[in-house]
Amino acid sequence: MYNITLIPGDGIGLEITEAVKTVVDAAGVAVQWDLQQVGQTALEECGNPLPQSVIDSIKVNKVALKGPVTTHVAKGFKSISVTLRQTFDLYANIRQVKSLPGITTLYKDIDIVIFRENTEDLYAGIENVINEDRVEAIKVITRQASRRIADKAFEYARQNRRKKITAVHKANIMKKSDGLFLEETRKAAQQYKDIQYDEMIVDNACMQLVQQPQNFDVIVTENLYGDIISDLCAGLVGGLGVVPGINVGEDYTIFEAVHGSAPDIAGRNIANPLALLLSAVEMLRFLGEHEAAQSIQKAVYGLLKEKRYLTPDLGGSATTAEMAKELCRLVACK
Ligand code: NAI
């Protein structure tokens with residue numbers, strides 16, 4: 001029996017976590033889900049958007065599956081997702097962007113893995129109001145964080161037989177901060193001479209990703225660029241509904257999709273649960289439950305290939321619950 005912290009989040013989070021839970025249960029993995037509320041719901045219920053009970057639960061369980069959490073624009077509490085990543089020092093945000101069977105886009109054979117530094121950069125949250133007409137945000141880049149994300153990416157590349165790492169930066173303008181990031185990625189590259197290494201300025205990288213995404217293999221980058229590039233890459237393979245993610249630290253791991261709480265479709269039972277489900281597949285692999293992971297992945301690929309029970313973002317008309325039910329059926333009769 002695994003004890004796993006389950007954070008449904010809000011918006012579409014409630015619908016998709018429920019769907020994912022049923023599919024994981026159908027795969028026969030015994031999980032005791034420790035349900036924890038964060039964000040606006042937690043703020044209303046106990047006066048804190050990130051209650052201590054959530055932190056305690058993750059500390060004990062070490063593994064969490066997390067839905068998206070709404071963060072208000074230009075007001076309100078600090079992002080819960082960012083706070084969790086910083087609290088548990090989840091320094092690597094790993095996002096696998098892959099062409100999937102049955103999903104037709106402008107591109108074929110995309111297989112990119114993004115390693116996004118997850119703890120610093122402009123996300124350090126240091127914003128100073130100098131006066132009513134001037135605000136300064138501080139970008140924090142450290143040697144240690146740059147090196148460990150670079151090492152993580154190279155280690156992954158070696159273990160997974162990937163050929164090339166591209167460091168994405170803006171060191172032509174931010175010569176010192178992005179310069180330090182590059183200094184460390186270059187040092188890491190020296191230690192992994194079996195992996196090809198190149199560098200690309202972020203604006204050019206965006207253009208190349210749209211024109212020739214197949215030229216990319218593994219990308220290592222800072223927090224803000226990684227956030228933006230992840231969504232861009234999701235758009236290449238069918239959208240945010242199909243791209244999973246993992247936040248990795250030394251001691252804790254939180255699995256969550258790339259997408260947000262999608263308020264535009266929340267509560268309508270049409271959100272695509274696959275991004276979170278594929279994150280859960282990675283979680284099962286992490287736990288050593290390879291057979292269950294494989295059977296869920298097979299069911300997902302089967303559904304996509306046959307274009308059955310798909311949610312509207314994938315061109316279908318199924319509800320979240322209908323898609324989950326069919327996935328449970330496929331997984332149960334594997
Ligand atoms: P979003 O990712 O929530 O939505 C962008 C677009 O993609 C929307 O049109 C949405 O309907 C669609 N979409 C996203 N996930 C989908 C799914 N599973 N199935 C079908 N369509 C899907 O980004 P947005 O609108 O910029 O942010 C909404 C809120 O989410 C904000 O408050 C933001 O701060 C928060 N957010 C939270 C994240 C997290 O908790 N990890 C990550 C990103 C955003």
Side-chain angles (χ1 to χ4, degrees), residues 5-20 23 36-43 49-50 54 64-88 90 93-95 97 100 103 105 114 116 118-119 122-123 125 223-224 226-247 253-280 300 303-304 309-324 327:
T5 304
L6 180 68
I7 302 172
D10 51 39
I12 59 169
L14 310 177
E15 299 144 71
I16 59 171
T17 44
E18 188 51 39
V20 169
V23 179
Q36 296 289 336
Q37 301 293 353
V38 298
Q40 191 62 34
T41 321
L43 185 63
L50 183 55
V54 181
L65 182 66
K66 177 186 161 296
V69 185
T70 301
T71 311
H72 295 297
V73 172
K75 60 174 187 183
F77 52 80
K78 181 179 168 183
S79 159
I80 300 302
S81 309
V82 170
T83 308
L84 282 172
R85 292 165 191 166
Q86 290 168 348
T87 304
F88 290 99
L90 306 172
N93 193 331
I94 307 169
R95 292 161 161 189
V97 185
L100 292 166
I103 300 186
T105 71
I114 300 166
R116 165 188 173 193
N118 221 10
T119 60
L122 282 161
Y123 289 55
N223 207 337
L224 178 61
D227 195 359
I228 296 167
I229 281 179
S230 298
D231 274 35
L232 186 157
C233 287
L236 306 175
V237 296
L240 285 162
V242 293
V243 178
I246 317 174
N247 299 286
T253 316
I254 298 183
F255 295 83
E256 68 175 334
V258 171
H259 64 72
S261 57
D264 53 337
I265 56 166
R268 292 167 54 196
N269 196 17
I270 55 167
N272 185 345
L274 294 186
L276 189 66
L277 184 59
L278 292 170
S279 308
V300 169
L303 218 60
L304 291 174
Y309 291 94
L310 301 184
T311 44
D313 59 304
L314 297 179
S317 57
T319 63
T320 312
E322 284 165 352
M323 188 191 231
L327 285 166

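One-based numbering, in listed order, for ligands and for the atoms of each.
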TODO: For ligand 1, indicate whether the residue S261 contacts it via side chain, backbone, both or neither (heavy-atom separation under 4.0 Å).
DONE: both

Task: Any protein heavy atom < 4.0 Å from atom 24 (P) of ligand 1 - done: no

Task: Heavy atom of protein inside 4.0 Å of atom 2 (O) of ligand 1, strictly below - done: yes

Open item on the list: Test of understanding: given a 4.0 Å heavy-atom threshold, classify the contact between P263 and ligand 1 as side chain, backbone, both, or neither.
Closed with: side chain

Task: Any N or O of A271 closer than 3.5 Å to N or O of ligand 1 - done: no

Task: R95 bridged to E256 by N-O distance under 4.0 Å - done: no

Task: Nearest protein heavy atom with distance in Å, relative to atom 38 (C) of ligand 1 - done: G260 CA, 3.7 Å

TODO: Measure H72 to ligand 1 on non-hydrogen atoms and call it side chain, backbone, both or neither using the 4.0 Å cut-off.
DONE: neither

- [ ] Applying salt bridge (charged side-chain N to carboxylate O under 4.0 Å, His left out), name anything that partners R116, two or more places apart in sequence or on another chain.
- [x] D227

Task: Test of proximity, T70 against ligand 1: N or O pairs below 3.5 Å - done: no

Task: L240 and ligand 1 - part of the residue with a heavy-atom distance under 4.0 Å - done: side chain

Task: Residue selection (non-hydrogen contact nearest atom 22 (C) of ligand 1) among I265, V258, I7 - done: I265

Open item on the list: Counting non-hydrogen protein atoms only, what is the nearest one to atom 11 (O) of ligand 1? Give residue, atom name and distance.
Closed with: D264 OD1, 2.8 Å

TODO: Considering heavy atoms of the protein only, find what lies nearest to atom 41 (N) of ligand 1 and give residue, atom and distance to 0.1 Å.
DONE: E256 OE1, 3.2 Å

Open item on the list: Please check this pair: side chain of Q36 against backbone of I7, looking for a donor-acceptor N/O pair closer than 3.5 Å.
Closed with: no

- [ ] State which residue, out of T71, L43, V38, V54, fulfils the side-chain contact (heavy atoms from CB on, under 4.5 Å) condition with I80.
- [x] V38

Open item on the list: Can you name the atoms of ligand 1, numbered from 1 with element, that are less than 4.0 Å from a heavy atom of A262?
Closed with: 3 (O), 10 (C), 11 (O), 14 (C)

